[in-house]
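Below you'll find the structure, written out as structure tokens, and then a few comments.
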Amino acid sequence: MLRWIALILLLVLIGLQVKLWTGNGGVHEVETLRAAVKKQTEDNQRLLQRNQALGADVDDLKHGEQAVEARARGELGLIKPGETFYQVVEQPGAAASAAPAPAASSGGR
């Protein structure tokens with residue numbers, strides 16, 4: 001009788017172990033979900049930093065003339081009255097071997 005009880009308990013233990021390792025909600029699925037949560041957390045952190053940087057940029061553009069002027073100079077080629085515009089053109093052979101240089105520069109403040 002004791003032998004049958006031990007055998008039944010052993011079979012139940014084996015069945016539970018199989019379910020734990022291979023079943024729905026088992027160890028493999030939990031590890032997969034943990035990896036997905038970790039990746040999502042990293043993505044959220046990266047996006048949060050990007051949003052904060054964009055928010056600071058928007059705030060600068062709303063409240064500061066220097067940010068607007070810097071953006072106009074960089075993206076639109078703004079030249080103030082009294083400034084001289086210089087454009088540096090690389091030779092075709094030198095451009096392939098060197099790192100690309102800025103196409104336009106302004107000076108003469």
Side-chain angles (χ1 to χ4, degrees):
M1 181 74 168
L2 189 59
R3 182 178 251 175
W4 287 105
I5 293 174
L7 182 62
I8 291 172
L9 289 175
L10 182 64
L11 290 175
V12 168
L13 178 65
I14 290 172
L16 290 174
Q17 286 292 319
V18 168
K19 184 172 178 162
L20 174 68
W21 290 99
T22 61
N24 188 16
V27 174
H28 179 67
E29 186 175 347
V30 169
E31 288 301 318
T32 303
L33 290 173
R34 282 185 182 156
V37 166
K38 182 179 179 184
K39 182 182 181 306
Q40 189 65 50
T41 303
E42 291 169 356
D43 289 346
N44 288 348
Q45 188 65 28
R46 181 181 49 82
L47 290 172
L48 180 64
Q49 290 173 350
R50 188 189 81 182
N51 286 347
Q52 289 172 346
L54 288 173
D57 198 22
V58 167
D59 192 46
D60 284 345
L61 289 172
K62 283 182 178 179
H63 301 294
E65 289 183 20
Q66 291 178 345
V68 174
E69 181 180 335
R71 186 135 314 168
R73 285 180 177 277
E75 295 176 7
L76 302 174
L78 172 72
I79 303 170
K80 286 184 173 182
E83 289 184 339
T84 305
F85 175 74
Y86 296 97
Q87 183 174 8
V88 179
V89 180
E90 297 279 334
Q91 293 180 357
S97 63
S105 173
S106 63
R109 282 193 165 176

Just wondering, do R71 and D57 contact through their side chains at under 4.5 Å, heavy atoms?
yes
Would you say the side chain of N44 lies within less than 4.5 Å of the side chain of L48, judging by non-hydrogen atoms?
no
Do L61 and L76 land in one hydrophobic cluster if side-chain heavy atoms of ILVMFWY residues count as linked below 4.5 Å?
no
Value rounded to 0.5 Å, distance of CD in E42 from CG in L47
12.0 Å
Got Q45 and Q49 here, is their nearest side-chain heavy-atom distance under 4.5 Å?
yes
Less than 4.5 Å apart, side chain to side chain, heavy atoms only: is that true for L9 and L13?
no
Is it true that R73 and E69 have a side-chain N and a carboxylate O under 4.0 angstrom from each other?
yes
Once you round to the nearest 0.5 Å, how far does CG of N51 lie from CZ of R46?
10.5 Å
Does any non-hydrogen side-chain atom of E31 lie less than 4.5 Å from one of R34?
yes
